[in-house]
2 protein chains.
Amino acid sequence: MASILQRRQSLSSQLVAELRALIDKGTFKPGDKIPSENELMTRYSVSRTVVREAISGLRADGLLETRQGVGAFVTRRPKKRLDPFDPQDMQAVLHIIEFRLAFEPEVAGIAAKRRTKADLNDLKAKFDDLHSKSLDANSFVKPDYEFHLAIAKAAHNPYLIQLGEHLGPQIIPHSIIHVLAPEIPEDMSFLKRVRGEHEDIYRAIVDQKPQAARKAMKSHLKNSLALYSQYLDL
Amino acid sequence: MASILQRRQSLSSQLVAELRALIDKGTFKPGDKIPSENELMTRYSVSRTVVREAISGLRADGLLETRQGVGAFVTRRPKKRLDPFDPQDMQAVLHIIEFRLAFEPEVAGIAAKRRTKADLNDLKAKFDDLHSKSLDANSFVKPDYEFHLAIAKAAHNPYLIQLGEHLGPQIIPHSIIHVLAPEIPEDMSFLKRVRGEHEDIYRAIVDQKPQAARKAMKSHLKNSLALYSQYLDL
DNA sequence: ACATATTATAATGTCGTACAAGTTGACAAT
DNA sequence: ATTGTCAACTTGTACGACATTATAATATGT
């Protein structure tokens with residue numbers, strides 16, 4: 001029997017995609033029992049190994065639940081997993097900055113209120129590292145991210161920390177900008193301004209001035225947004 | 001040979017936990033090659049099926065990558081998957097409200113600026129639904145969530161929408177509050193006040209008043225925070 | 001001696017069969 | 001009508017075999 005599946009990617013991963021599509025399309029609705037392994041074997045002309053690996057993958061993804069002796073069921077409330085933040089174009093970069101603009105100012109404010117001395121040590125280390133590399137466009141991305149993450153940690157809200165960790169260094173525009181638009185010059189004055197902004201944020205948190213921290217973070221991100229907005233038409 | 005594993009959960013899921021622990025502990029560091037399937041078989045006295053299912057699960061989780069003919073490797077940048085928002089205690093409920101307080105006001109502001117007529121239709125439908133059920137403590141959770149999600153959609157930022165979808169109805173305090181603290185009375189005056197707050201938010205977005213929308217959302221969540229803070233010592 | 005095929009080896013990918021364990025429903029016995 | 005037993009089906013586990021791919025060792029030709 002001619003299988004629908006091609007032999008380029010692994011069969012199981014193809015079957016994963018196929019089943020995922022069927023679930024997305026609504027052929028298998030939440031709560032439904034999907035066909036048994038035997039039936040899937042014959043339907044797609046693959047071995048039980050492949051079927052089981054596929055189901056195993058979807059289960060790890062939270063889309064399926066299996067019960068021995070009964071069958072595999074589509075999860076009733078599939079966990080919408082947050083896609084990784086991989087900006088592919090300029091529009092996405094701007095959306096990410098806007099996203100950060102929505103909550104990072106408040107995070108900085110909370111951090112200014114709540115930071116402990118231990119937080120301050122960590123924050124100082126990250127800030128110093130960033131400061132020393134902030135004029136090197138090739139190596140300041142990671143320290144930049146670490147600095148912002150340290151602020152989230154100083155806010156002592158586990159959900160904010162998790163979000164920060166999930167975002168990852170990709171949210172720093174420069175991690176992608178030179179790929180999307182290599183013609184943008186590495187403007188030294190721009191880098192110096194950013195360094196000053198980071199310092200404003202840092203000082204406000206050290207001095208426990210929530211309002212100033214919010215304002216500094218907001219201004220920092222708004223400048224970033226304005227800078228990259230120029231190149232939207234790329 | 002006596003296996004380390006107990007026979008209560010499935011062998012593969014136990015092995016998943018074991019390997020995940022080894023990775024977390026640092027025995028296998030990012031980029032490292034983990035032992036071959038053959039070696040894992042003998043080490044844990046399980047069949048290759050179990051080993052492969054375990055690896056398959058970890059791969060779907062983004063912790064492992066396999067290359068045929070080479071081996072399985074710990075992902076270099078493991079995707080920090082955002083845990084589902086399942087508040088287990090009062091402290092978590094407050095953290096979630098604080099989390100929402102950090103970004104929802106700005107979302108409302110953006111929505112007020114950017115909402116289209118189509119958004120308005122959707123928003124009105126959700127608001128009317130919520131309004132009609134807002135005095136029934138048992139059935140207003142979902143409409144409440146849908147209303148807030150509609151606002152995120154009106155902001156037209158895909159990342160904000162994704163975050164809203166990921167959060168899910170669990171972020172509405174009442175979805176969990178009666179379980180954690182059933183002694184909290186269903187105060188009608190409180191429900192009426194919330195209804196008024198929702199209306200303020202809705203009006204501001206309809207009238208395209210970003211500042212008012214931000215303020216209304218902020219006030220709404222702050223009231224919520226204040227209300228539940230009373231019961232923190234539960 | 002060096003560069004290039006060839007081969008050997010080891011690892012994951014796929015297949016088939018068999019049995020274990022859990023669930024469900026039918027059916028008979030009481 | 002309730003209970004007990006059994007049969008059929010489904011997922012979980014095990015084992016053995018071969019296919020496919022990548023790496024390293026070896027052989028070969030110049």
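Numbered from 1 within each chain, the chains take letters A, B, ... in sequence-line order.
- Rounding to the nearest 0.5 Å places NE2 of A:His131 at 11.0 Å from NE2 of A:His198.
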Identify all pairs in which a protein N or O lies below 3.5 Å from an N or O of nucleotides 4-9 of chain C, and state each distance.
none

Within the sub-3.5 Å range, which N or O atoms of nucleotides 16-18 of chain D have a protein N or O partner, and how far apart are they?
residue: D:dA17; atom: N6; partner: B:Arg48; partner atom: NH1; Å: 3.3

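- In this structure, B:Ser47 reaches the D:dA14 phosphate: one of its side-chain N or O atoms is under 4.0 Å from OP1 or OP2.
- For C:dG13, the OP1/OP2 oxygens have a side-chain nitrogen or oxygen of B:Arg52 closer than 4.0 Å.
- The distance between atom CZ of B:Phe73 and atom C1' of C:dT12, rounded to the nearest whole Å, is 11 Å.
- The CD atom of A:Gln162 sits 9.5 Å away from atom CG of A:Asn157, with the distance rounded to the nearest 0.5 Å.
- Across the protein-nucleic acid pair, A:Glu53 atom CD and C:dT14 atom P stand 7 Å apart, rounded to whole Å.
- When each of C:dG13, C:dC15, D:dT13 is scored by its nearest atom to the side-chain atoms of B:Leu11, the top-ranked nucleotide is D:dT13.
- In this structure, B:His220 has its ring center closer than 6.0 angstrom to the ring center of B:His148.
- Side-chain atoms of A:Arg59 lie closest to D:dG12 of the nucleotides D:dG12, C:dT14, D:dA14.
- No salt bridge links A:Glu18 with A:Arg43; every basic N to acidic carboxylate O contact stays at or beyond 4.0 Å.
- A salt bridge is absent between B:Asp24 and B:Arg20; no separation between the charged side-chain nitrogens and carboxylate oxygens falls under 4.0 Å.
- Put simply, B:Thr66 has no side-chain N or O that comes within less than 4.0 Å of OP1 or OP2 on C:dA11.
- For A:Arg67, no side-chain nitrogen or oxygen approaches OP1 or OP2 of C:dT24 to under 4.0 Å.
- In this structure, A:Met41 atom CE and D:dC9 atom C1' are separated by 15 Å, rounded to whole Å.
- The CG-P distance, from A:Leu64 to D:dT11, rounds to 11 Å in whole Å.
- The CD atom of B:Gln68 sits 7 Å away from the P atom of C:dT14 (whole-angstrom rounding).
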